[in-house]
Amino acid sequence: MKRKLVLLSALVFLTLAVVIPIKAADLDLVYDDIGLLTGDERSNLNELAQSIADRHQFEVSIVILNDVDGNDPYEYAKLIYEEYNYGYGDNKSGLMLLLGMEDRDFALIAHGFGNTAFTDHGKDVLLDRHVLPLLKKDKYYEAFNAYLNESDEYLRMAKEGKPFDIDTDKGYTDEEAKKQLWTKLGITFLVPLIIAGLITFAFYKQMKTAVPQRAADSYIPQGGFTLIRKSDTFLFRNVTRRVIEDKSSKGGTSVDRRGYSGKSGKF
Amino acid sequence: MATQITNYQCPACTGPLHFSSASGKLECEYCDKVFEVAAIEELYAEKDRLAAEAQSEADYTMEPELWSDEEAANMRAYSCPSCGAELICDHTTAATSCPYCNNPTIVPGQFADKLKPDFVIPFRLDKEAAKKALRHHYKGKKLLPKSFLTENHIEEIKGIYVPFWLFNGESHANISYRGTVVHSRRVRNEMVTTTDHFHIVREGKVAFQRVPADASTKMPDAHMDAIEPYDYADLAPFSTAYLPGYMADKYDVEADDCVERVDKRMRSSTESALASTVGAYATLVTESSNINIKKGDVKYALLPVWMMNTKWKGKDFLFAMNGQTGRLIGDLPVDWSRFWAWFGGISLPLMAIMAILMFFVIGR
């Protein structure tokens with residue numbers, strides 16, 4: 001009987017190991033290489049990240065390094081993601097926030113189901129509204145807490161079939177609607193006022209015809225103008241580059257050839 | 001102080017002769033005889049010679065008038081050769097009409113020696129043409145008060161030979177500019193803008209012939225400028241025979257006092273002429289401009305102008321018409337209630353159309 005129980009326990013263990021995907025990463029979900037967080041903070045954040053992984057079968061991770069070894073932060077984040085085996089399940093679903101503290105670099109990458117839950121607009125909002133403002137103030141624990149909690153909410157929305165995007169971002173749609181309304185009102189009132197002003201000014205000008213002459217063009221005889229010298233000398237060249245924002249974008253996620261989406265920058 | 005003045009009389013009937021703008025000849029309205037300008041000039045030159053001989057034999061002198069110095073400086077008194085009445089004129093008056101017998105009278109002394117004009121452009125358009133042009137000037141003016149058309153009356157209409165200085169000159173200019181050429185192209189998700197900067201130099205000469213500047217303080221400069229240009233093909237050597245029937249003033253603004261105004265016009269035209277040779281740059285800023293005007297000779301000419309005065313609601317309105325080309329100018333009163341009515345009448349319906357377009361057509 002005792003032997004049977006031991007065999008059953010081993011079978012259950014093996015079944016669970018096969019059926020329930022477990023965290024396979026070589027590093028913690030919240031990995032702090034330089035001691036930016038206290039032990040308690042790191043532990044709390046790891047618990048929260050693990051809870052998200054358990055509930056959503058999705059890894060939301062934070063990797064804090066001293067630097068990105070001279071690499072592009074976005075590319076370096078992908079390297080770490082693959083090298084240390086981040087991501088949940090077969091399709092390696094996950095979201096990673098990587099920080100290189102020396103140059104204050106950041107990168108946010110998504111993979112697998114992360115590309116569905118974290119759209120381009122969603123990632124922008126997550127960073128710009130919730131994470132970067134706190135990172136800039138060196139409020140790291142608060143920033144990571146916000147990152148994990150917001151990610152939890154994004155995943156919940158994605159599971160309900162409505163990922164956070166332009167059309168589901170109430171703040172964005174309200175702001176856009178307001179902007180559009182003001183633009184329309186401006187055009188509706190200003191354009192007619194300008195046209196009416198130009199026409200009535202032309203009428204007014206008809207009434208004032210006694211104006212002094214400013215030039216003497218009528219008194220230049222034919223052939224009276226001789227051009228003696230003409231030179232156009234090139235001095236220097238300026239080149240400016242401006243990123244074109246795709247205003248026609250209706251949302252969604254831009255995924256690269258290796259199945260990642262994301263962005264990087266400085267904070 | 002009374003001086004001898006002349007009116008041209010018909011050799012056939014002694015009636016007054018008028019210069020006809022239509023025929024370009026002197027006509028007698030009493031016996032309808034027509035005379036060439038040159039023939040009358042010759043006749044009167046002979047008359048003047050005989051009169052001078054007779055004068056040398058006479059030994060009477062005129063009694064001195066008791067004008068104050070200031071009055072004497074600005075007034076002249078003449079005897080009308082037709083009726084003998086004494087004419088009191090401004091010191092610049094060179095041709096006028098006698099208020100008693102209405103005979104056209106010229107004052108040859110005003111054009112003696114260096115004061116004599118070099119050229120004259122005879123009137124080509126008459127008083128009726130001026131009145132017609134004024135009526136036409138009122139047409140199509142959306143802001144003209146309705147009552148102006150009915151209540152204003154031409155107070156005075158005068159054909160005047162206005163004294164002008166005609167300036168010849170040549171400008172030599174050296175102007176440098178800073179220009180840019182801008183190219184934009186899209187490279188993936190970026191707009192790449194290339195701006196090339198250039199240093200541009202233009203040097204040139206511009207000749208000017210007979211740039212006019214009115215030489216009478218009585219004539220508003222803006223009015224005289226605005227009726228330009230004259231067709232100098234009609235410019236004739238000056239003769240007093242063109243003056244009968246019109247008023248004429250001698251200059252009271254020296255040529256030197258007009259130089260600044262003329263220079264400014266020449267400079268402006270020179271800048272435009274050189275700028276017109278600069279290619280299509282996106283931006284062009286003048287860095288330095290060095291223009292020297294080489295002054296040429298100055299001629300004195302009488303140019304024909306019809307001046308009209310109207311009065312409306314106690315305010316004077318002055319119109320001037322080029323007596324050669326017919327170009328008429330003059331400021332008109334503005335009915336501000338009409339102005340705002342037009343403004344509202346255009347803007348409000350446009351706003352309604354734009355609102356429909358913005359909120360119901362495009363915005364849907």
Side-chain angles (χ1 to χ4, degrees), chain A residues 177 180-246 249 254, chain B residues 140-144 179 186 189-211 220-223 225-226 228-229 262 264-266 268-269 272-274 277 279 320 329-334 339 342-344 346-348 350-351 354-355 358-359 363:
Chain A
Q180 272 187 6
L181 180 70
W182 280 112
T183 308
K184 282 179 181 176
L185 283 173
I187 293 170
T188 304
F189 287 101
L190 280 178
V191 171
L193 287 177
I194 291 167
I195 293 171
L198 289 173
I199 294 172
T200 43
F201 183 69
F203 290 165
Y204 178 81
K205 286 279 280 179
Q206 286 182 334
M207 312 301 282
K208 307 289 170 192
T209 51
V211 284
Q213 295 279 1
R214 306 270 175 229
D217 296 359
S218 309
Y219 306 98
I220 302 173
Q222 203 157 19
F225 172 47
T226 315
L227 191 63
I228 299 167
R229 186 155 69 105
K230 179 180 178 181
S231 79
D232 295 58
T233 312
F234 173 76
L235 297 176
F236 59 92
R237 171 175 284 181
N238 276 343
V239 179
T240 56
R241 291 167 189 275
R242 181 176 57 83
V243 175
I244 301 162
E245 287 177 28
D246 186 5
S249 172
S254 311
Chain B
K141 302 289 190 290
K142 303 276 191 299
L143 306 182
L144 191 67
R186 186 173 178 154
N189 66 334
E190 282 185 332
M191 185 57 74
V192 181
T193 305
T194 309
T195 308
D196 291 339
H197 294 253
F198 289 85
H199 180 244
I200 303 142
V201 178
R202 293 290 183 274
E203 187 180 349
K205 285 191 299 185
V206 185
F208 293 94
Q209 280 181 357
R210 293 170 179 157
V211 181
D221 291 348
H223 282 68
D225 277 5
E228 288 178 21
V262 172
K264 209 180 263 183
R265 290 179 64 177
M266 288 182 181
S268 169
S269 286
S272 304
L274 287 187
T277 67
I329 58 89
D331 292 348
L332 291 165
V334 174
F339 179 93
W342 272 103
F343 189 82
I346 295 166
S347 58
L348 293 176
L350 269 180
M351 280 180 196
M354 291 299 284
M358 285 285 123
F359 292 95

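Per chain, numbering begins at 1; letters A, B, ... match sequence-line order. Just so it is clear, the model here is predicted, and its values are computed rather than measured.
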Mind listing the closest non-hydrogen atom pair of [X] and [Y] along with its distance?
X	Y	result
Met351(B)	Thr188(A)	CG-O, 3.4 Å
Pro221(A)	Ala207(B)	CD-O, 3.2 Å
Lys205(B)	Ile228(A)	CG-CD1, 3.7 Å
Ala210(A)	Ala222(B)	O-CB, 3.6 Å
Tyr219(A)	Arg265(B)	CE1-NH2, 3.7 Å
Ile187(A)	Met354(B)	CG2-CE, 3.4 Å

(request) Give every residue pair that meets the side-chain hydrogen bond (donor to acceptor under 3.5 Å, both in side chains) criterion with at least one member in residues 191-209 of chain A, sequence neighbours excluded. (result) none
Can you tell which of [options] has the highest number of heavy-atom pairs within less than 4.5 Å of chain A?
options	value
Thr195(B), Val211(B), Ile346(B)	Thr195(B)
Met191(B), Lys141(B), Lys264(B)	Met191(B)
Lys142(B), His199(B), Glu228(B), Arg210(B)	His199(B)
His223(B), Arg186(B), Arg202(B)	Arg202(B)

Chain B contact via [X] - which portion, at a heavy-atom distance below 4.5 Å:
X	answer
Leu185(A)	both
Ser218(A)	side chain
Ile199(A)	side chain

Find out whether [X] and [Y] are in side-chain contact, i.e. whether some heavy atom of one side chain is under 4.5 Å from a heavy atom of the other.
X	Y	value
Val191(A)	Leu350(B)	no
Phe339(B)	Met207(A)	no
Val334(B)	Phe203(A)	no

(message) Within this structure, what is the CD-OG distance for the pair Gln213(A) and Ser268(B), rounded to the nearest 0.5 Å?
(response) 10.0 Å
(message) Please report the interatomic distance CD(Gln222(A)) to CD(Gln209(B)), rounded to the nearest 0.5 Å.
(response) 11.5 Å
[X] versus chain A, the contacting section by heavy-atom distance below 4.5 Å:
X	answer
Asp196(B)	both
Pro220(B)	neither
Leu348(B)	neither

(message) Please identify, among Gly197(A), Pro212(A), Ala216(A), Gly223(A), the residue contributing the most non-hydrogen atom pairs under 4.5 Å to chain B.
(response) Ala216(A)
(request) Using the test ring-ring contact (aromatic ring centres under 6.0 Å, His included), find all partners of His197(B) that sit at least two apart in sequence or belong to another chain. (result) Phe236(A)
(request) Check whether any side-chain N or O of Ser269(B) sits under 3.5 Å from a backbone N or O of Asp217(A) as a donor-acceptor pair, and report yes or no. (result) yes
(request) Using a cut-off of 6.0 Å, state whether more than 12 heavy atoms not belonging to Phe189(A) lie near its atom CZ. (result) no
(request) Please step through side-chain contact (heavy atoms from CB on, under 4.5 Å) for the pair Ile220(A) and Phe208(B), ending with a clear verdict. (result) CA-CA 5 Å; Ile220(A) 302 173; Phe208(B) 293 94; 3.5 Å; yes
